[in-house]
Amino acid sequence: MMWSVGHVVILVAMGGCWGDGYFAWEGPDTREHRPPRKPKPKPRGRRSDRPRVGLGYKGLAYDERPVVEPKPKKAKPSYPVRLKYSLKGHRGSIYAVEFDWEGDYLLSAGEDRQIILWNAKDGDMVKTYPINHSGDILCLLIAHDRKYFLSAASDGKIFMWNTVKGTVTRALMIPRFAKPNSLSWNEDESILACGTEDGQIHIWDLKSRNSKPIQSLRQASGAISSVVVDQPVIIAGSADGSARMYDVRTGKLVTRNFGGPAIGSIRVSKDKRLFLVSCLDNTIRVIDRETGDQLMSYKGHENCKYRIPSLFSNDGSLIVSGSEVQIP
């Protein structure tokens, strides 16, 4: 039934069929509800395992949807990228800095003839040693067990120090009081070699108590800038542009000339197969130890005036070097 009152239309449903498919009645709540729809089962498994039912994302079937892989996180560099400490305690230039084998401590020395032991983890000064040298300290070398260390100075003397007591236990004399440029010893620290400014390599037997070297090598025509003892071989780089390899057992000498530029430093790789040679022509060269062939050369830094060493990283994947000018 329908009445019209003004502009209001009133409908009274006395019973009938609505468009949604069920009946509604007046009076008590006796309405019949249609049964609830059963939810569709959700597909399980990966997208590639889902059935091809209709079209999905951008008109593609479900199993063909592009899978977005997560972006890989950037690996943190394994080498230092920022300044950690500034160690202040010397008065004058610093010529030698040496870490121990564990990397926990380091020694520094230089123009003020003072040797300082530092804690490398927190930057604290641990100990200072008496001034016994009469010249600038140019080289330092720490024993594997850290019980003693060596210092070499421009006064032509090499001192062996007791690390804990701070006393000199032994003194070695460099012939003609030559200026030392490099110190190195073998793995058991029984053989010591020193390269000097006058182009000689002096060798000591540390098991004996003799202060004089047991042998001196004089083949170089320029200053010895770097020496490495890799028993039974001694490798040396010189300002005459040649790298020399001495076999102590056989007395054999192998010379490799790089065409003129002075050699600033030589390092041996961890597997003992390669030499890293820094030359004063802005070039770092990698040399095969067995054949003497040049395998690689690197440029990009500037090094033509000063003796700047270069190093292999611990895993051998990186080569680290300084530069005379700032690299942009």
Side-chain angles (χ1 to χ4, degrees), residues 96 98 138-139 141 152 174-175 178-187 191-204 213 215-313 316 318-324:
E98 186 79 9
L138 305 174
C139 304
L141 201 58
I174 302 175
K179 177 181 175 183
N181 285 334
S182 179
L183 285 179
S184 179
W185 51 23
N186 58 348
E187 291 185 1
I191 299 296
L192 174 68
C194 175
T196 60
E197 190 70 23
D198 61 357
Q200 299 188 33
I201 303 170
H202 304 291
I203 303 171
W204 286 266
Q215 188 176 5
S216 296
L217 307 174
R218 302 180 175 89
Q219 286 74 21
S221 59
I224 302 296
S225 57
S226 183
V227 63
V228 177
V229 179
D230 187 21
Q231 203 171 9
V233 176
I234 296 176
I235 308 107
S238 173
D240 61 8
S242 296
R244 294 174 174 85
M245 185 166 60
Y246 302 87
D247 192 321
V248 179
R249 295 175 302 181
T250 63
K252 183 180 178 181
L253 170 62
V254 177
T255 303
R256 176 74 162 84
N257 190 281
F258 297 101
I263 295 176
S265 73
I266 291 182
R267 293 292 187 272
V268 181
S269 62
K270 200 171 184 179
D271 58 7
K272 312 294 185 182
R273 294 166 53 192
L274 304 174
F275 297 152
L276 188 66
V277 182
S278 298
C279 299
L280 271 65
D281 61 348
N282 307 320
T283 306
I284 301 173
R285 295 172 170 87
V286 178
I287 308 299
D288 185 276
R289 174 173 175 169
E290 294 296 329
T291 64
D293 295 335
Q294 178 175 312
L295 304 180
M296 293 288 293
S297 64
Y298 301 93
K299 294 187 177 183
H301 66 305
E302 185 170 318
N303 181 21
C304 56
K305 295 180 181 179
Y306 305 107
R307 185 164 56 93
I308 300 177
S310 56
L311 303 169
F312 286 109
S313 61
L318 297 174
I319 293 174
V320 184
S321 175
S323 179
E324 295 170 5

Task: Straight-line distance of Arg244 CZ to Ile201 CD1, nearest 0.5 Å - done: 8.0 Å
Task: Candidates Arg267, Arg289, Lys270, Arg273 - the one meeting salt bridge (Lys or Arg N to Asp or Glu O under 4.0 Å) with Asp230 - done: Arg289
TODO: First locate atom CG of Leu274, then atom CD of Glu290, and finally report the distance between them rounded to the nearest 0.5 Å.
DONE: 10.5 Å
TODO: Would you mind reporting whether Val277 and Arg256 have side-chain heavy atoms less than 4.5 Å apart?
DONE: no
Open item on the list: Counting C-beta onward and ignoring hydrogens, is there a side-chain heavy-atom pair between Val286 and Leu276 closer than 4.5 Å?
Closed with: yes
Open item on the list: With heavy-atom distances below 4.5 Å as the criterion, would you say the side chains of Ile203 and Pro213 are in contact?
Closed with: no
Task: Ile174 CD1 to Gln200 CD distance, which is reported to the nearest 0.5 Å - done: 11.0 Å
Open item on the list: Within the structure provided, determine whether Ile191 and Val248 are in side-chain contact (heavy-atom separation under 4.5 Å).
Closed with: no
TODO: State the OG-CZ distance between Ser297 and Arg285, to the nearest 0.5 angstrom.
DONE: 7.0 Å
Task: Within-4.5 Å side-chain heavy-atom neighbours: Asn181 and Cys139 - done: no
Open item on the list: With a 4.5 Å cut-off on side-chain heavy atoms, are Phe275 and Val268 touching?
Closed with: yes
Task: From Ser184 atom OG to Leu192 atom CG, the distance as rounded to the nearest 0.5 Å - done: 8.0 Å
Task: Test item: Ser238 and Ser221 side chains (from C-beta on) under 4.5 Å apart, heavy atoms - done: no
Open item on the list: Just verifying a value: how many Å separate Ser278 OG and Ile266 CD1, rounded to the nearest 0.5 Å?
Closed with: 9.0 Å
